[in-house]
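Residue numbers start from 1 in every chain, and the chains themselves are labelled A, B, ... in the order their sequence lines are given, proteins ahead of strands. Just so we're clear, the structure is a prediction, and the values are computed from it rather than from any experiment.
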Amino acid sequence: MSQYDHKKIEEDWQKEWANNQTFKAENTSKKPKYYVLDMFPYPSGAGLHVGHPLGYIASDIVARYKRNKGFNVLHPMGYDAFGLPAEQYAIQTGQHPAITTEENIKRYKEQFDRIGFSFDWSREIRTSDPNYYKWTQWIFIQLFNSWYNPQTDKAESISELVSTFEKQGYQSEELQFTSAEWMGFDEKRKSDILLQFRLAFLSETMVNWCPALGSVLANDEIKDGVSERGGYPVERKLMYQWSLRISAYAERLLQGLNTLDWTESIKESQRNWIGKSEGCSIVFEVASPLTPLQGRGELDADSSFNYQTANKKLYPVLVDFAKLHRSEPTKEEEKVWELIRNRKIQDTKFRRQHIIDQFIADFVCLELNLIIEIDGLIHSLEDNLISDEARTIKLNELGFEVVRFTNDEVNNDIETVISNLENIISEKKSSSPSPWEKGLGDEAISSRFDVVGAKNSLEVFTTRPDTIFGVSYMAIAPEHEMLNDLCVGEFRDAALQYAEKAKNRSERERQAEVKNITGAFTGSYVNHPFTGKKIPIWIADYVLGGYGTGAVMAVPAHDARDYSFAKHFGLPILEVVQGGDVSIEVYEAKQGKIINSDFLNGLEVKEAIKAAIKAVEEKKIGKGKTNYRLRDAVFGRQRYWGEPIPVYYENGIPKTFDEKDLPLVLPEIDKYLPTETGEPPLSRAKNWSYSPNLNKIQGFSSPSLLEKGLGVEANREQMGEVSYPIETTTMPGWAGSSWYFLRYMDAQNENRLVSKEAVDYWQNIDLYVGGSEHATGHLLYFRFWTKFLHDIGVVPFDEPAKKLVNQGMIQGISSIIHRVNNTNKFVSVGLKNNFETSSVYIDINLVKNNEVDIEGLKKWRPSEFENAEFEFENGLFLASAEIGKMSKRWHNVVNPDDVCNEYGADTLRLYEMFLGPLQDAKPWSTQGIEGVLRFLRKLWRLFHQGENESFLLPDTEPTKAELKILHKTIKKATEDIENFSFNTSVSAFMVCVNELQDLKCNKKQILEPLIVLLSPYAPHICEELWLKAGHNESIVYANWPQFNPEFLVENEFNYPISFNGKVRFNLLFALDKDLKEIENEVLANEQTLKYLEGKPAKKVIVVKGKIVNVVV
RNA sequence: GCCCAGGUGGUGGAAUCGGUAGACACGCAGGACUUAAAAUCCUGUGGCUUCACGGCUGUGCGGGUUCAAGUCCCGCCCUGGGUACCA
């Protein structure tokens, strides 16, 4: 029993910890709290490989250290259990993802336990557990019911916004209405407007659509133009779906970074992702005003632009509304439409449900400025009469005549309606020719539609308003809203064609063609606001539709992209900032004097920027503005294995579930695929509908199935309830992980996401450990949700994690053997240059020191290797090695279970720490793991000295030298944990044990503190030795040894004596010796004389306790 | 292109404030114990040079600051990570 038997010790203690719930944390304690969290894993089918535990080991060391330091430590673990692989597997095999996930989690748990982590398993969570995602859904509902108030700079209740609308209406650049107008809007319109404010909202957005996965992807789920998972192509597609308004938090997310103890590189990534840029907007007048008549003859009427009479800002809201009305006309509207459509009355063209300014008119004839309204029942209500009147007045002001018919008139006496119409039309035709026919052309239209019609100015965003006099062309994105208006004359067709082509190009193609410069002239010009010069408008695909205004003022001399574009198309390059030679290359530096720029001449760039903004603002053609690159986060996924979005649609209006009806549990479906019509998998669910007024929602919460995480079908209609369709997309992978740290604090709470007491006690995470690959995904959403939960009063802090440490990736080493092409012959690596060979990846377990175990290889893949021929070099068959990601595909996965079996968990833990700095990426190699095991054996032997190597720990007074060794180690171990420098503290332990071994020290007063120091790293062996030393209580709660500097005090120092910086010999002096005396003695030393070579010493520098340098 | 991190023996890596470069470990070489093996222990180990004492040289490259530079400054090269027409 004197041998170090890691297997037995580790098994025993793991059982002991589990049985005693040693690591269970209490939510009330007089001790100070410490919250140390790991990013929880997605439980994949492959299980853990040796790379995964790296961060977990580090955080476990800190957790155990803090417990010894007297903290109440929260150190939980759980599973990010929703995700693609389980769903992919379900599609292939039909096995429910919940079952696959359950199996994988089981495997993970076993692997975790073998490594001896001190997790509090009583708080385990899984994002796919309905009891968990109930609260994910709850947060979604809060987001839906909130808007971001820029005045107070926080999220507020949407109901407060509604009452403001009711009292004061709303005024902004994009949207304006009076309180009366708001009251007049119908429910759908109100809903549409509110969606523009809600933090969770539906909108038509350009998304990254991955046809192979049948789902949309967030920007951070795409790498190099293909999906991060699977590597499938991704295309841009316009879709109507859920997003979260993270952009509202852009500034707070940016500012918050300054308060965080995170690595600079992660913070920098987030700053870049948020992409704040300060500059100014400038409006350029389009030189030839938009002319609705232009092109009228050349184009068919429907694709011409002259019917665009909507208020541009309201158009996005109204267009869906109009479409809906068109598809669901009233009986009466349909009747009238049948009579007037296709120029049936006097060859007059009518449009139905056409938008004019902020109104949707039933029927409109633009040529005659005539509007026909069919007033249904709703129009007779008093409120609507008032608003109808206001509406008529407004439309009259715009030059339209409004004719109203009631439903009754249409139903009872359609002939009279028709004859009235015919009279009005013929009267209008004779007395009031259309503006176009009158030849008033553009002027008439542009003055009439000044507010409502097509814009006649182009707005740009620039960070360099100082270069305004260097503008030589305007560049607009191919998807620019005014594209159709701007492409004119002989250039129109080519320009539109170009835009169409550029728009449809996928991200990937665009990327591949970064170097290709393409563009087209629109035929239009703007006027320069200060010089009045005409400036051409070009379409360029380097301008992005989604950023800024989708248009830029191009200053080729001082912007690289503009420069190459101008060179390519021969556009002028006007130098306005001194400092470079723009005939040779672009000068982008924000430095130098402004020239050729009228009132800006002579100013420095920075002053000029301010002056230019001032001038622009005075001229009322723009203003200082800040833009962010951060886009709103697309939240809907066309997948099965995710949280259902708790929304139903009442007559097309999205509404959230009643909180009492949460969780909305995933329903059972027959196949985990989209439907034949391309609808998401959840559309397969039977009776996927909601009855808000039903008290009990049998539909999806049968308790027995809830336990399994499954929903159940119910037929509500049979129960005589009105039911509404439920949203069929699910939440993205990052939803559940954006708030999980809170749930650990109070994992079983059924009434709240987390109790106030728990969150007040634990506060935010003191130490968060995980990979840096989450820099712009998880870690941003995580912060966003925390800030939101702070705003609505759920949590008292607004950053989730104070300190973040990123562990590096442990890479795998793949072994490659070389097959001679078109043969069944393999050659040792040294011979491969004699042949044409190709690489074959083989299991790394078959290779030791590059030598391949041929017999093992034959057994591994008999079909491939049994009858193969092998050519050796010097009697050996060698493979070559390659470093890369650890993956099944390269047969280079190392399982921690195997390492634990062979060397033990303590050795694995120490070794992973010893490999190098936690943050660095490093390849896994077992070279060196023996050294760590040897170290533990040496430690064991310190306790088991003497002839029969039995346990011996005498309580005799330690010597000064022994105390010095111990306290040196206490100091180093403590500092190193605080600095996350685990690799150096492992070597400090090694040094300590080596030195104690030299002294044959086995004294209790030295060895006991030492194993406390080591216990966070190698808990099993230390517990065992602690027990043997006679302690009843676990070492987990032993006191951390106190460092006493007295034991390290030296009174002498062996000074290195250097000459011109070169150390030649050493001399021993007392540390309190006068420096001048040391100088004298050094100069008098005979060795010194040798190195002075007869020359005098120019100068002598003596640094106390460090060095002596003699300058010759 | 831009941003960030880094470049030190045969290998992983140390050197926290500018003060003896290479701690600790692996590997390698030699030795002890053993019939032998395993385990363990001891010695050596940056390069060049010397029988040796020693000397020269050395932290990606080129300069600089300093009594003193792996460490600070300037310019460049290379590797890894992030990002990509963000105006």
Side-chain angles (χ1 to χ4, degrees), chain A residues 3 219 223-225 263-273 275-277 279 460-464 467 475 477 507 510-511 513-515 517 540-544 546-555 558-562 564-565 627-631 772-773 775-776 806 808-809 849 910-911 914-917 919-923 925-932 934-935 937-938 941 972 975-976 979 981 983-992 994 997 1054-1066 1097-1112:
Chain A
Q3 282 278 317
N219 286 345
K223 269 198 155 184
D224 306 322
T263 60
E264 208 39 53
S265 65
I266 294 269
K267 291 206 258 185
E268 199 56 29
S269 292
Q270 294 213 345
R271 285 188 194 110
N272 291 339
W273 195 260
K276 180 179 185 173
S277 59
V460 301
F461 173 76
T462 178
T463 56
R464 296 294 302 273
T467 60
E507 286 287 308
R510 273 202 185 186
Q511 232 156 23
E513 291 175 31
V514 165
K515 294 272 136 57
I517 295 160
D541 71 347
Y542 75 81
V543 180
L544 303 175
Y547 183 78
T549 60
V552 300
M553 58 175 230
V555 185
H558 306 292
D559 179 282
R561 292 152 307 171
D562 300 344
S564 34
F565 192 88
N627 259 335
Y628 298 90
R629 196 182 80 114
L630 185 68
R631 312 276 181 88
S772 55
E773 67 271 20
T776 50
N806 302 112
M809 194 174 51
N849 295 328
L910 277 169
Y911 182 59
F914 188 57
L915 272 174
Q919 297 84 347
D920 292 3
K922 52 224 151 198
S925 130
T926 39
Q927 265 194 8
I929 195 165
E930 303 272 354
V932 173
R934 247 170 249 166
F935 156 73
R937 287 204 187 114
K938 276 187 208 172
R941 238 176 296 119
K972 182 91 178 119
E975 285 172 358
D976 281 351
N979 295 326
S981 179
N983 55 328
T984 52
S985 77
V986 175
S987 54
F989 293 130
M990 289 173 168
V991 172
C992 178
N994 287 344
Q997 184 178 257
N1054 200 14
Y1055 281 88
I1057 313 301
S1058 59
F1059 296 82
N1060 292 338
K1062 280 180 185 142
V1063 177
R1064 297 300 178 175
F1065 58 94
N1066 289 57
K1098 246 193 219 163
K1099 195 176 174 189
V1100 180
I1101 288 124
V1102 183
V1103 184
K1104 190 182 169 189
K1106 285 270 165 77
I1107 203 167
V1108 178
N1109 193 20
V1110 182
V1111 186
V1112 185

Identify, with sequence neighbours excluded, every residue that meets salt bridge (Lys or Arg N to Asp or Glu O under 4.0 Å) alongside [X].
X       : value
A:E975  : A:K971
A:R937  : none
A:R1064 : none
A:R941  : none

Contacts of type side-chain contact (heavy atoms from CB on, under 4.5 Å), residue [X], not counting sequence neighbours:
X       : answer
A:M990  : A:F914, A:V932, A:F935, A:V986
A:S985  : A:D976, A:F989, A:Y1017
A:S265  : A:T263
A:P1056 : A:F1053, A:V1063, A:N1066, A:I1107

Counting primed atoms, P, OP1 and OP2 as sugar-phosphate and everything else as base, the B/S/- map of nucleotides 52-66 of chain B against protein heavy atoms under 4.0 Å is ---SSS---------
Quick one, give me the B/S/- string for nucleotides 21-28 of chain B, reading 5' to 3', where B means a protein heavy atom under 4.0 Å from the base and S means that only happens at the primed atoms, P, OP1 or OP2. --BBSS--
When you look for runs of 3 or more Watson-Crick or G-U pairs in a row, both distances below 3.5 Å, which of them include RNA chain B? B:1-7 with B:77-83, B:10-12 with B:24-26, B:27-32 with B:40-45, B:46-49 with B:54-57, B:60-64 with B:72-76
Qualifying residues under ring pair (Phe, Tyr, Trp, His ring centres under 6.0 Å), relative to A:F565, sequence neighbours excluded: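 With sequence neighbours excluded, A:F565 shows a ring pair (Phe, Tyr, Trp, His ring centres under 6.0 Å) to A:Y473, A:W538, A:Y542, A:F569, given in chain and number order.
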